[in-house]
Amino acid sequence: MHIVHVIEPMEHGVFIWVVDMSNRLVEDGYKVTVLHSIREHTPPNWREMFDPRVELIHVQMSRSIDPVMDVKALIGLTKNIKRINPDIIHTHSSKGGFLARAAGFMLRKNKRLLYTSHAIHYPLIEQPIKRKLYKYFEHIGYWLGGTIVACGKEEYEIIRKDITNGSGKRLIRISNGIDTVQLTPKDYSVKNEKVKVGVVGRISLQKAPWVFAAIADKVNKKRNDVEFIWIGGGEKDDVEMLNKAGVEVTGMLDRSDALKLIPSLDIYFQTSAYEGLSLALLEAQASGIPAIVTKIPGNDEVVQHGVTGYVGEDEEALMTHLEELIDSPEKREEMGHNSKEHTEEHFSLTAMADQYKAEYQKMVDANS
């Protein structure tokens, strides 16, 4: 079976998802082609991250709405999909998702198409007109065809309510999974001089770095036994904001280097405004790191409140839970062991890949 993935955001979580899934599929005997864009922060070694058997074809797509670029991208996607004639089109995130569904519609391949959203973010867009516009595009995308895949329970309900008009037709849920072979478990016999609190990811609006900075600043003004680290990079103003609050910012790192730093953390602290089902959070939990996260769709599916970490309703709750774990190495270790077991059982790459493969086969059988 030949699978074509279409991805615009070639960086961070969605990119890693496509890499891991593509590599697993070719390992299992599938033929895989990835139609991809390139972003400013796409890793320099991105080609080496894919299995050599994965075919990679560059079709540049714009992150924002750009009529000229979008038309060029649509033409490029349509030509390549027509030439390749895959069994399944699997597209990712909003821009690639919309363009690939439009191409699938024109080529009459929309009944063999999956769209994994990886986080429905339009509800959090502040400008009303822009928010309505992005929601409208999601409606058009659904009309164009294909099955939407939500990564979590709450995301599924948001899509069902807002996009599919209360219907579960052409809407399924498959939780994200990670390849734990790439991870190094935390060694609790090795103690840090200070309690290390950190997060992994690009410094962006989605990650709400101002919340991370505000809480780090409050903690640092009260005590000197904690160090904060942001594993990733971003715009100069955001880095300066975090530095001013006493947060070390590593800058952008290769994936392998970022993964090596995760086991050094004592607490994973994620203040995101929205997520799909965060791969970085899953990787931290699978490495045995207790997590404190905001109460948003996806986070509370990964973190079992009071068992593998804490889910905070607001900044005050996040601060309270953080100080509780800072003061209790015993609780950190207990939650860390719980988080490793829970993630390995419920969020493995194998379990996720098996569900997608079953859906691929179901689509092929129904539309042969």
Would E55 and K31 satisfy salt bridge (Lys or Arg N to Asp or Glu O under 4.0 Å), going step by step from the backbone distance to the final call? CA-CA 8 Å; E55 181 184 21; K31 186 174 182 180; 5.7 Å; no
Single-linkage hydrophobic cluster, 4.5 Å side-chain cutoff, [X] and [Y] together:
X: V32; Y: L56; result: yes
X: V303; Y: I267; result: yes
X: L133; Y: V71; result: no
X: L25; Y: V18; result: yes
X: V26; Y: I7; result: yes

Do [X] and [Y] have side-chain atoms, one donor and one acceptor, less than 3.5 Å apart?
X: E344; Y: T180; answer: no
X: K109; Y: N85; answer: yes
X: T147; Y: E359; answer: no

Given 3.5 Å as the limit, does a donor-acceptor pair link the side chain of [X] with the main chain of [Y], or not?
X: N299; Y: T294; answer: yes
X: Y268; Y: V293; answer: no
X: N338; Y: V307; answer: yes
X: H305; Y: V311; answer: yes

Student check: side-chain heavy atoms of [X] and [Y] closer than 4.5 Å:
X: H139; Y: N165; value: yes
X: L265; Y: I229; value: yes
X: D238; Y: M241; value: yes
X: L35; Y: I84; value: yes
X: Y360; Y: D87; value: no

Across all chains, not counting sequence neighbours, the ring pair (Phe, Tyr, Trp, His ring centres under 6.0 Å) partners of F105 are W143
With sequence neighbours excluded, tell me which residues meet ring pair (Phe, Tyr, Trp, His ring centres under 6.0 Å) with H41. none
Test log, rule salt bridge (Lys or Arg N to Asp or Glu O under 4.0 Å), inputs D327 and R223: CA-CA 11 Å; D327 291 330; R223 53 201 304 165; 2.6 Å; yes
Tell me every residue that passes side-chain contact (heavy atoms from CB on, under 4.5 Å) with [X], counting only those two or more places apart in sequence or in another chain.
X: E324; value: Y310, H321, K331
X: V190; value: D187
X: A214; value: E315
X: R63; value: E8, E11, R39

Applying side chain to side chain contact (heavy atoms under 4.5 Å, CB included), run through T308 and Q285 and close with a yes or a no. CA-CA 8 Å; T308 69; Q285 291 264 276; 3.1 Å; yes
Parallel, tilted or perpendicular, as decided by the 30° and 60° cut-offs, for the rings of W17 and H92: tilted
Parallel, tilted or perpendicular for F137 and Y134, by the 30°/60° rule? perpendicular
Measuring from atom [atom1] of [X] to atom [atom2] of [Y], what distance do you get when rounded to the nearest 0.5 angstrom?
X: D300; Y: E313; atom1: CG; atom2: CD; answer: 9.0 Å
X: E155; Y: S117; atom1: CD; atom2: OG; answer: 3.5 Å
X: R170; Y: L114; atom1: CZ; atom2: CG; answer: 11.5 Å

Filter on ring-ring contact (aromatic ring centres under 6.0 Å, His included), then keep only pairs touching [range], sequence neighbours left out; what's left?
range: residues 59-80; answer: none
range: residues 152-205; answer: Y188-H337
range: residues 162-184; answer: none

Hey, is [atom1] on [X] packed in by over 12 heavy atoms from elsewhere, all under 6.0 Å?
X: K191; atom1: NZ; result: yes
X: K153; atom1: NZ; result: no
X: E48; atom1: CD; result: yes
X: K196; atom1: NZ; result: yes

If you apply the rule side chain to side chain contact (heavy atoms under 4.5 Å, CB included), what do you find for M21 with M352, and how did you get there? CA-CA 9 Å; M21 186 65 174; M352 180 192 76; 4.0 Å; yes
Would you call [X] and [Y] a salt bridge, taking side-chain N to carboxylate O under 4.0 Å as the test?
X: K362; Y: D365; value: no
X: R101; Y: E138; value: yes
X: K186; Y: D266; value: yes
X: E283; Y: R255; value: yes

H36: partners by side chain to side chain donor-acceptor pair (under 3.5 Å), with sequence neighbours left out: none
Residues that H2 engages under side chain to side chain donor-acceptor pair (under 3.5 Å), provided they are two or more places apart: T33
side-chain contact (heavy atoms from CB on, under 4.5 Å) partner of F228, the single match among L242, V197, D217: V197
Under the salt bridge (charged side-chain N to carboxylate O under 4.0 Å, His left out) test, which residues partner K95, sequence neighbours left out? D70
Before giving the answer on ring pair (Phe, Tyr, Trp, His ring centres under 6.0 Å), spell out for W46 and H58 the whole-Å C-alpha distance, their side-chain angles and the decisive distance to 0.1 Å. CA-CA 12 Å; W46 64 270; H58 181 207; 7.9 Å; no
Going through the checks in order, is the salt bridge (Lys or Arg N to Asp or Glu O under 4.0 Å) test met by D20 and R24? CA-CA 6 Å; D20 287 346; R24 174 57 61 91; over 6 Å; no
Apply the test side chain to side chain contact (heavy atoms under 4.5 Å, CB included) to residues M319 and E323: give CA-CA distance (whole Å), side-chain angles for both, the deciding distance (0.1 Å), then the verdict. CA-CA 6 Å; M319 179 81 171; E323 290 193 297; 4.1 Å; yes
